[in-house]
Amino acid sequence: MQPTEPLVPILRVEEGLADRTTLATWHEALSDALAADIAHDLLGLWLYPPAGAPVLLGPEALSQDSLEVPVPTPQLQQYQLDGLERTIRQAGYGSVICVPVRFGRRDVGLMLVADLRPDRYGEGELMTLRLVAQRLSPALGRLARQWPAESGLAVPQAERIAALLDTIAHSNGSIATPQRFLAALSPALEPLLPHDHLELLLADPGGSRYYRLGEHAGGPLWLDSSLTIGREYLDVEALFGSDAHLLLSDACRDSRWPRGYFTVADPAGAEPRAVVGARVTGPRGMNAFLLAASVGADLYGEADAALLTRVASFIGPQVALLVTAAGNGELASKSELQGADYLAQAASFLATGTEMGEATRRVSDLAAEFIPFDHLRFAIRLSEGDRVVLMEPGEKRALPDLPLVPVSGTPLGEVLKGERAAAFHIADGESRLIVPLRVGGRVHGALILGARTPALLREGHLAPAQQLADILAPHLELLRRAALLPQPFLPGWKRTQRQ
């Protein structure tokens, strides 16, 4: 007998993360609704964010127990579910079922129902719980993508929108190519609109084909045939119709959506299912389409379409500039053009400066003009061990007077050992970029950049940061070698070395 469709209360996360009280109330409503189909004394529900430990959504009493919850990689295996069920039975429950909540190709949640009475559950209850997991899949998939990695506290929607607008403003003034522009926009949009792929399609004036502008790395448009899609394969205008936005709950089941043209990097080769889109218009009849897609189905709603429509209106002028520049063969941005000037000035300061602290301070000020960072430091090795001294621009103390800091097992340590050419990661709520200070083929230190707004500093800044580091490295190496020379003895009755 087929189970009836279970009643599942809606968890809305379109307006940002729900707080703990809201989640607890929703979990209680879910438990009450599920009781009509599956009698239970315990309903455990966990969320699996992309990074970090499982998050207990309810009940709160479970947090008092040292219950080990299995972690998916990226899916839970049956032996993991069996092990958890055994643990719950040993705790005194006679009947237990565990079901993962799958979104796309990864498990984003885990449901557990248990009853103190034995032999309460069979195939019917298992099928019902799987139906519940399917209904919860889009909401938990979105919640998992937006869950803060460390604090567990919701980030206010206003702050997210402000960060998005900051990134758009920065991108509008400094991004050189459509590909880099979209790469800057995607991580800023992610907290508000979870997606596995962001695409920008440009329609030709005749409307017979579309160009994947978001993949365009430079040079004249329309020359790369691999980025061109004929209207006979994908008719974007027909998908949008007369609307300003597009919503597809499952593109894989829509015959109007082409297969094989759009894939995501993680999981590799996966095709998008849920799609939301908005028109991007500009001068001289420019017609483009901004599309966000997820490997899971049923993720987007009208609120997402409205948000993407607002984003499309903000980026329209910049997209028009990029298209015009590509048509004129002028894709170098103001930032890139000025970057060479700033680097030349930095080299001049270092070559003519007589006081290293002042020179590094002026170089740091110059670097901030073409790399978006909040703080800059130099990590310098004074020995072959795993410790370095960290020097700020403008530092007047001698290197031996600075404290030694251990770096073993950190991204900085890996760069210093040559295990990584460079490093980019997000930690403590800020993005950090590390490039080596190299002289004569050897790494003697590293340049560390940090930005308190993670979306501003990205992997795309590795190249200019390395150029800056290569200019600084010889001068910092002279400073390092001077610190390693034997120090003269101080006059006085006790012959001690200068510290």
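Computed from a predicted structure; not experimentally measured.
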Thinking salt bridges, do Glu430 and Arg432 make one under a 4.0 Å N-O criterion?
yes

Test side-chain hydrogen bond (donor to acceptor under 3.5 Å, both in side chains) applied to Tyr211 - qualifying residues, sequence neighbours left out:
His216

Tell me, please, which residues at least two apart from Phe373 pass ring pair (Phe, Tyr, Trp, His ring centres under 6.0 Å).
none

Donor-acceptor pair, His195 side chain versus Leu193 backbone, under 3.5 Å?
yes

Give, for atom CG of Asn287 and atom OG1 of Thr281, the distance between the pair rounded to the nearest 0.5 Å.
8.0 Å

Salt-bridge test for Asp304 and Arg142: reply yes if a basic N is under 4.0 Å from a carboxylate O, no otherwise.
yes

Which heavy atom of Ile88 sits nearest to which heavy atom of Leu112, and what is that distance?
CG1-CD1, 3.6 Å

Closest contact, heavy atoms only, Pro411 versus Ala423:
CB-CB, 4.0 Å

Where is the tightest heavy-atom contact between Pro272 and Ala293, given as atom of each residue plus distance?
CB-CB, 3.3 Å

Judged by atom type as modelled, is there a donor-acceptor pair below 3.5 Å linking the side chain of Gln80 to the main-chain atoms of Gln77?
yes

Under a 3.5 Å distance rule, please check whether Thr309 uses its side chain to pair with a backbone N or O of Ala305 as donor and acceptor.
yes

How close do Arg106 and Ala144 get, heavy atom to heavy atom, and via which atoms?
NH1-CB, 4.5 Å

Run the side-chain hydrogen bond (donor to acceptor under 3.5 Å, both in side chains) test against Ser63 and tell me which residues pass, sequence neighbours left out.
Glu60

Hits for ring pair (Phe, Tyr, Trp, His ring centres under 6.0 Å) against Tyr210, two or more places apart or cross-chain, chain-then-number order -> none

Contacts of type salt bridge (Lys or Arg N to Asp or Glu O under 4.0 Å), residue Asp115, not counting sequence neighbours
Arg117

CD of Glu232: more than 12 outside heavy atoms within 6.0 angstrom?
yes

Glu215: partners by side-chain hydrogen bond (donor to acceptor under 3.5 Å, both in side chains), with sequence neighbours left out:
none

Does any pair with a residue in residues 85-103 pass side-chain hydrogen bond (donor to acceptor under 3.5 Å, both in side chains), and if so which ones, sequence neighbours excluded?
Arg102-Asp107

Got a sec, which pairs hit salt bridge (Lys or Arg N to Asp or Glu O under 4.0 Å) with one end in residues 42-51, sequence neighbours left out?
none

Once you round to the nearest 0.5 Å, how far does OG of Ser431 lie from CD1 of Ile426?
6.0 Å

Mind checking what makes side-chain hydrogen bond (donor to acceptor under 3.5 Å, both in side chains) contact with Glu123, not counting sequence neighbours?
none

Working to the nearest 0.5 angstrom, can you tell me the gap between Leu227 CG and Gln179 CD?
9.0 Å

Report yes if some heavy atom in the side chain of Leu390 is under 4.5 Å from a heavy atom in the side chain of Ile448; otherwise report no.
yes

Sorted by chain and residue number, the salt bridge (Lys or Arg N to Asp or Glu O under 4.0 Å) partners of Arg310 (sequence neighbours excluded) come out as none

If only atom types and distance count, is the side chain of Tyr300 paired as donor or acceptor with the main-chain N or O of Pro194 below 3.5 Å?
yes

Compare every heavy atom of Ala251 with every heavy atom of Val275, then report the nearest pair and how far apart it is.
CG2-CB, 4.0 Å

Excluding sequence neighbours, so at least two apart, what forms salt bridge (Lys or Arg N to Asp or Glu O under 4.0 Å) with Asp32?
none

Which atom names give the shortest non-hydrogen contact between Ala39 and Arg120, and what distance separates them?
CB-NH2, 4.1 Å

Report the residues that fulfil salt bridge (Lys or Arg N to Asp or Glu O under 4.0 Å) with Arg279, sequence neighbours left out, ordered by chain and then residue number.
Glu237

